[in-house]
There are 2 protein chains.
Amino acid sequence: MRADDRLSRVFAALADQTRREILAQLSQGSASVGEVASRFDMSAPAVSQHLKVLERAGLITRTVQAQWRTLSMRAEPLDEASAWMEEQRRTWNLHLDALDEHLGSMKKDISNPQDSKETKP
Amino acid sequence: MRADDRLSRVFAALADQTRREILAQLSQGSASVGEVASRFDMSAPAVSQHLKVLERAGLITRTVQAQWRTLSMRAEPLDEASAWMEEQRRTWNLHLDALDEHLGSMKKDISNPQDSKETKP
DNA sequence: TTTACATTTAAGCAATCACCTAATTAAGGA
DNA sequence: TCCTTAATTAGGTGATTGCTTAAATGTAAA
């Protein structure tokens with residue numbers, strides 16, 4: 001799968017309050033579908049669909065034991081998503097630093113100001 | 001706004017490849033709507049809508065200058081989203097550590113094994 | 001003042017989403 | 001074997017999404 005698609009699926013999966021609550025529950029330990037569903041005021045099929053979204057994003061796995069499915073969290077997709085966000089923030093901070101330096105040099109040379117191409121937000 | 005809603009908006013905004021590319025571009029410095037739109041094979045209104053989604057998520061701001069809007073990235077929502085993900089991973093790792101310890105003590109006491117309530121994924 | 005440019009609003013459309021109820025599958029226990 | 005429990009699939013609905021084209025807005029430049 002393309003990294004783009006993976007990221008899109010992970011972010012989309014996390015863009016829903018119910019699914020975030022499910023993941024938060026599973027981060028404390030594995031659980032059955034029933035144990036997850038009982039915490040929500042929602043039909044079982046609705047929860048089942050949320051689980052499918054989380055599973056397709058790679059955020060949970062199911063292991064079948066008799067008629068119970070044990071749900072477990074997987075952290076790897078979080079790493080990838082987190083890394084993407086961190087990268088953007090890093091780049092943005094680098095940019096801000098460069099901008100500060102530029103503004104600093106302008107201040108030193110205040111008698112001959114030049115246009116700055118960009119303004120600090 | 002509720003933190004839930006904020007998180008949902010940020011994650012939803014990031015769940016689209018086009019919007020992630022826009023944010024990646026703006027992380028390198030501010031730009032006008034036209035400068036952003038020119039990089040996509042998509043109508044101007046479509047880009048405008050993507051920008052609105054990013055703006056509502058707090059990920060960009062617009063400053064109006066004549067007929068040009070200067071778009072700038074905002075990192076704060078990324079921090080909140082990143083923190084949420086980090087928290088889940090932290091909890092999950094704590095859980096795994098506790099599990100490892102439990103399995104370790106079982107190994108020591110191999111002659112009298114007890115059921116483990118959960119299995120490692 | 002007219003014209004051109006940058007961008008947004010309006011309106012419409014097909015696809016997807018988040019739910020629902022009803023029906024189905026699959027395993028365990030009486 | 002029949003019944004119960006656990007969970008999923010099927011099918012339907014209203015809301016939202018991501019795009020489109022056409023029209024509107026607001027500013028600058030001729």
Side-chain angles (χ1 to χ4, degrees), chain A residues 1-2 4-23 25-26 30-57 59-72 115 117-119, chain B residues 1-2 4-23 25-26 30-57 59-72 115 117-119:
Chain A
M1 202 197 296
R2 292 228 321 279
D4 300 347
D5 299 341
R6 274 203 311 272
L7 272 181
S8 291
R9 285 191 188 195
V10 172
F11 283 128
L14 297 179
D16 181 277
Q17 166 68 9
T18 300
R19 289 194 290 265
R20 285 200 303 278
E21 283 180 38
I22 292 174
L23 209 60
Q25 177 180 3
L26 293 179
S30 305
S32 69
V33 175
E35 285 170 329
V36 170
S38 66
R39 305 175 72 241
F40 297 96
D41 184 21
M42 189 185 296
S43 70
V47 172
S48 192
Q49 280 178 319
H50 282 305
L51 293 174
K52 196 177 288 179
V53 172
L54 288 167
E55 190 174 30
R56 294 190 129 201
L59 287 163
I60 66 172
T61 56
R62 297 161 131 103
T63 56
V64 180
Q65 300 170 344
Q67 74 264 52
W68 291 277
R69 276 79 172 160
T70 299
L71 306 169
S72 302
D115 282 346
K117 201 179 154 208
E118 295 163 310
T119 51
Chain B
M1 203 196 296
R2 291 226 322 276
D4 301 347
D5 299 340
R6 274 203 312 271
L7 272 180
S8 291
R9 285 190 188 196
V10 171
F11 282 129
L14 298 178
D16 182 278
Q17 166 68 10
T18 300
R19 289 193 290 265
R20 286 199 303 277
E21 283 180 38
I22 292 174
L23 210 60
Q25 177 181 3
L26 294 180
S30 306
S32 70
V33 175
E35 285 170 331
V36 170
S38 67
R39 304 174 73 240
F40 297 97
D41 185 23
M42 187 185 296
S43 70
V47 172
S48 192
Q49 281 178 321
H50 282 304
L51 293 174
K52 196 177 291 179
V53 173
L54 288 167
E55 192 174 29
R56 293 191 130 200
L59 287 163
I60 66 172
T61 56
R62 297 160 132 105
T63 56
V64 180
Q65 301 170 342
Q67 73 266 52
W68 291 276
R69 276 79 172 160
T70 298
L71 307 168
S72 301
D115 281 348
K117 201 180 156 204
E118 294 163 310
T119 50

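Letters A, B, ... mirror the listed sequences (proteins, then strands); counts begin at 1.
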Taking atom [atom2] of [N] as reference, at what distance in whole Å does atom [atom1] of [X] sit?
X: B/Phe40; N: D/dG18; atom1: CZ; atom2: P; value: 14 Å
X: A/Arg62; N: D/dT9; atom1: CZ; atom2: P; value: 8 Å
X: A/Glu35; N: D/dT5; atom1: CD; atom2: P; value: 17 Å
X: B/Arg69; N: D/dA28; atom1: CZ; atom2: C1'; value: 13 Å

Just how far is it from atom [atom1] of [X] to atom [atom2] of [Y], taken to the nearest 0.5 Å?
X: A/Leu23; Y: A/Ile60; atom1: CG; atom2: CD1; value: 8.0 Å
X: A/Thr18; Y: A/Met42; atom1: OG1; atom2: CE; value: 3.5 Å
X: A/Glu21; Y: A/Arg39; atom1: CD; atom2: CZ; value: 7.0 Å
X: A/Leu26; Y: A/Arg19; atom1: CG; atom2: CZ; value: 13.5 Å

Q: Taking all heavy atoms of B/Val10 and all of B/Ala57, pick out the closest pair and write down the distance.
A: CG2-O, 3.6 Å
**Q.** Contact under 4.0 Å: A/Ser48 side-chain N or O vs D/dA7 OP1/OP2
**A.** no
Q. Nucleotide by nucleotide, 5' to 3', does protein get under 4.0 Å of the base (B), only the sugar-phosphate (S), or neither (-) in nucleotides 11-25 of chain C, counting heavy atoms?
A. -------SBSBB---
Q) side chain to side chain contact (heavy atoms under 4.5 Å, CB included) with B/Arg20: which residues, sequence neighbours excluded? A) A/Asp4, A/Leu7, A/Ser8, A/Phe11, A/Trp84, B/Gln17
